[in-house]
Amino acid sequence: MALVTTSHKEVSVASTSTSVEEAMETEEGSSQAGASAERQNPKHRLVHLDLKGAPPKLSYLAQVIPLFKKFGATGLLVEYEDMFPYNGELRDLAAAHAYSQEEIQQLQELAKEHDMLYVPLVQTFGHFEFVLKHDTFRHLREVDMYPMALCPSNTESIVVVKKMIDQLMAAHPDVRYLHIGADEVFHLALCKTCKLRLAEQTWTDRQLFLDHIMTVLSYIKVMYPNVKAIMWDDMLRETSMTHLQAYGIGEMVEPMVWCYLPRLSGTFLTVSFEDLWKKYAAVFKSAWIGTAFKGATGSSQYIVPMNYHLQNHMAWLAQLDNIPSSLTVQGWALTGWSRYDHYATHCELLPAAIPCLALCLQTVVHGGFTEDCGFHRKVSEELGFSQTLQVQLVPKIKTIAREGRFPGAKLFQGVHVLVNLDADYIEFLNGDSRYTGWMTDYHVRKNFTNPCHLEFIIHMASRLQEEFTKLHREMDSTLSEMYDPSTVEEWLVVHFKSPIDKLSEILGTAKTQIERYSSRTTCSS
């Protein structure tokens, strides 16, 4: 069944003997030419590594980066957050399990070995939790209670940002791009100092935002003249063209226009795409597109809804023709969020998203996707599946893929087992079952229970508990191959502790109730 269609024609893989990589090269060298071909295939396709959650071991990244390249990636967008080994006055920012300077160098060498662009990302305004959570930097918060955004009117704020940039750039002397984040500054112009500045300067809050960002960008331009800055675009969407032009931001940065929904219409607040492109084309020379291959469908999501992400890329392919020719599209950043923010739990892990990433990359390369397209089959084969990957998710997966020969395939398989197990568990707790019908709190409190049904409840709860315990043991071993102990602990506690504890409680209660009966007659279920 075809997914969302676009005006771009999907190009089939010509031969079953052709590898995915060769098919990609054939497609890129095909008869498509001119402006439309450039639009369909901008020169960069960056895979985003969000290291603020579940940062993989370097040994695992060394296995999957060549795979990224094989399926069409041309670079990496590396968001370190607290995984960067900050030192000196900034040493508190580095997590206990942060990468070492040597590992940062190894990661860059991996990208270079595979001829991939390397773009580091450092936060400079919003999503500053990993800095502002520390008592040392708390005074830089815009709102004292909240650690998300720094105060742009505190003169120490820009000092800290500059030091962060300097340490990051010292570890990346050869990069051509630096991403400065700057998205989702939810707390802006709220402190007394900022309000006073707005009154004195007769500014809007967006002008205050621009003032801080231009200070950051000017510093980069002076200190690192060969580096081009990139920033997320959401804080610019409702900023007037007049203000953007007056600040000269178009000469300083390339916006990364992001939206992760399967339909792009109506997702830019009060700004239409037509008006957005018109404004950006008048201000900027170049821009990027931000899509998502994971981490955009729920803060605690653990299984990747491939169809959702494929439709997101299809929607962006359709949008390309609406971008004015005067605005150069530099490329795509396929984001893979690991946490919604520094305090959130994990969303999908990278190994569980490798098949989705491969299909999304190939969708961008080929300009479209249908479930019966050639590269769907080819990608599935390359990843070690005997059948094409299931992209449509239902509340319970129809079949569990116990196949796969890619790095992290066991984890991919494990989350598919878990989603089915969770579905069975939720049905047991909340569905039309004997537990909800014959072992309510009322029944237990009144000791008004039927041993015939209690035996069945014990049978079902025991089976679920055994399956959760078995999978917990398997996932512990699998996760430990790719992640540090703190990541393994968090993931296992979040996904297993609650159901195992609840099932233990149910079993204990049911057994206590059934012990009240001297006769243990078993009722056939």
Side-chain angles (χ1 to χ4, degrees), residues 54 297-303 305 339-340 343-349 352 393-400 402 410-411 413-480 483 485-525:
T297 58
S299 58
S300 59
Q301 178 74 275
Y302 62 84
I303 189 165
R339 297 188 196 273
Y340 274 28
Y343 288 92
T345 191
H346 296 128
C347 34
E348 305 100 311
L349 299 176
L393 288 187
V394 291
K396 190 170 182 179
I397 305 299
K398 295 176 183 176
T399 58
I400 298 175
R402 282 292 190 179
K410 287 183 179 179
L411 194 148
Q413 296 160 7
V415 297
H416 280 71
V417 175
L418 180 60
V419 76
N420 275 3
L421 189 53
D422 274 345
D424 289 343
Y425 171 67
I426 292 169
E427 176 64 22
F428 172 69
L429 289 185
N430 304 314
D432 183 16
S433 74
R434 304 199 193 192
Y435 173 68
T436 55
W438 280 272
M439 205 180 115
T440 66
D441 289 344
Y442 175 85
H443 287 88
V444 173
R445 189 170 68 250
K446 296 292 186 178
N447 289 320
F448 190 67
T449 53
N450 186 332
C452 175
H453 298 302
L454 289 174
E455 286 179 344
F456 184 77
I457 290 169
I458 290 171
H459 168 72
M460 289 298 298
S462 295
R463 181 184 67 80
L464 287 169
Q465 187 183 53
E466 288 172 6
E467 291 185 12
F468 271 114
T469 301
K470 178 176 180 289
L471 184 58
H472 179 283
R473 185 168 57 252
E474 293 173 353
M475 293 299 279
D476 189 355
S477 175
T478 299
L479 287 162
S480 297
Y483 296 105
S486 65
T487 296
V488 176
E489 178 189 15
E490 179 184 347
W491 202 89
L492 293 176
V493 168
V494 167
H495 294 288
F496 288 94
K497 188 177 188 305
S498 178
I500 289 175
D501 287 354
K502 181 63 176 177
L503 289 166
S504 294
E505 176 191 327
I506 290 170
L507 283 169
T509 302
K511 289 176 181 178
T512 298
Q513 284 289 309
I514 209 168
E515 285 171 2
R516 296 178 54 252
Y517 298 92
S518 57
S519 175
R520 305 293 180 87
T521 303
T522 301
C523 178
S524 173
S525 58

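No hydrogens, no waters, no symmetry mates; every other heavy atom, side chains included, goes into these values.
- In this structure, Arg339 contributes its side chain and Ala344 its backbone to a donor-acceptor pair below 3.5 Å.
- With sequence neighbours left out, the side-chain hydrogen bond (donor to acceptor under 3.5 Å, both in side chains) criterion links Thr478 to no other residue.
- Between Arg463 and Glu467 there is a salt bridge, since at least one side-chain N of the basic residue sits less than 4.0 Å from a carboxylate O of the acidic one.
- A salt bridge does not link Glu455 with Lys511: every distance from a Lys NZ or Arg NE/NH1/NH2 to an Asp or Glu carboxylate oxygen is 4.0 Å or more.
- If you take OH on Tyr435 and CZ on Phe456, they are separated by 14.5 Å, rounding to the nearest 0.5 Å.
- Note that OG1 of Thr449 and CD of Gln513 are 3.5 Å apart. Values are rounded to the nearest 0.5 Å.
- Atoms CD1 and CD1, on Ile514 and Ile458 in that order, are 4.5 Å from each other to the nearest 0.5 Å.
- Counting heavy atoms from C-beta outward, Leu454 and Arg434 have side chains that stay 4.5 Å or more apart.
- Residues passing the side-chain hydrogen bond (donor to acceptor under 3.5 Å, both in side chains) test with Asn430, sequence neighbours excluded: none.
- The distance from atom CG of Leu492 to atom CZ of Arg473, rounded to the nearest 0.5 Å, is 12.5 Å.
- Looking at residues two or more places apart in sequence or on another chain, you find a side chain to side chain contact (heavy atoms under 4.5 Å, CB included) between Glu474 and Lys470, Leu471.
- When every heavy atom of Cys347 is checked against every heavy atom of Gly298, the shortest pair comes out as CB-O, 3.7 Å.
- For Asp422, the side-chain hydrogen bond (donor to acceptor under 3.5 Å, both in side chains) partners two or more places apart in sequence, or in a different chain, are Tyr302.
- Annotation: ring pair (Phe, Tyr, Trp, His ring centres under 6.0 Å) contacts of Phe468 (sequence neighbours excluded): Tyr425.
- Taking Asp501 as the reference, Lys497 meet the side chain to side chain contact (heavy atoms under 4.5 Å, CB included) condition, with sequence neighbours excluded.
- Atom CG of Asp441 is surrounded by 12 or fewer heavy atoms from other residues, nucleotides or ligands within 6.0 Å.
- Not counting sequence neighbours, the partners of Thr436 by the side chain to side chain contact (heavy atoms under 4.5 Å, CB included) test are Ser433.
- The ring pair (Phe, Tyr, Trp, His ring centres under 6.0 Å) check on His472 picks up Phe496, with sequence neighbours excluded.
- Taking 4.5 Å as the limit, every side-chain heavy atom of Val494 sits out of range of all side-chain heavy atoms of His346.
- In terms of modelled atom types and a separation under 3.5 Å, the side chain of Ser480 and the main chain of Asp476 share a donor-acceptor contact.
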Step-by-step side chain to side chain contact (heavy atoms under 4.5 Å, CB included) determination, Thr487 to Leu479: CA-CA 8 Å; Thr487 296; Leu479 287 162; 5.9 Å; no

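- Remark: Gln301 pairs with Thr297, Ile303, Pro305, Glu348 by the side chain to side chain contact (heavy atoms under 4.5 Å, CB included) rule, at least two apart or across chains.
- Remark: Leu411 CG to His416 NE2 distance equals 11.0 Å, nearest 0.5 Å.
- Remark: Tyr340 engages no residue in a ring pair (Phe, Tyr, Trp, His ring centres under 6.0 Å) (not counting sequence neighbours).
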Show every donor-acceptor pair shorter than 3.5 Å between a side-chain atom in residues 502-510 and any protein atom, with sequence neighbours excluded, or say none if there are none.
{"residue": "Ser504", "atom": "OG", "partner": "Gln465", "partner atom": "NE2", "Å": "2.6"}
{"residue": "Ser504", "atom": "OG", "partner": "Ile500", "partner atom": "O", "Å": "3.0"}
{"residue": "Thr509", "atom": "OG1", "partner": "Glu505", "partner atom": "O", "Å": "3.0"}

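- Applying the side-chain hydrogen bond (donor to acceptor under 3.5 Å, both in side chains) rule to Ser486 yields the partners Asp484; only residues at least two apart in sequence or on another chain are considered.
- Rounded to the nearest 0.5 Å, atoms CZ (Phe448) and CE (Met439) are 15.5 Å apart.
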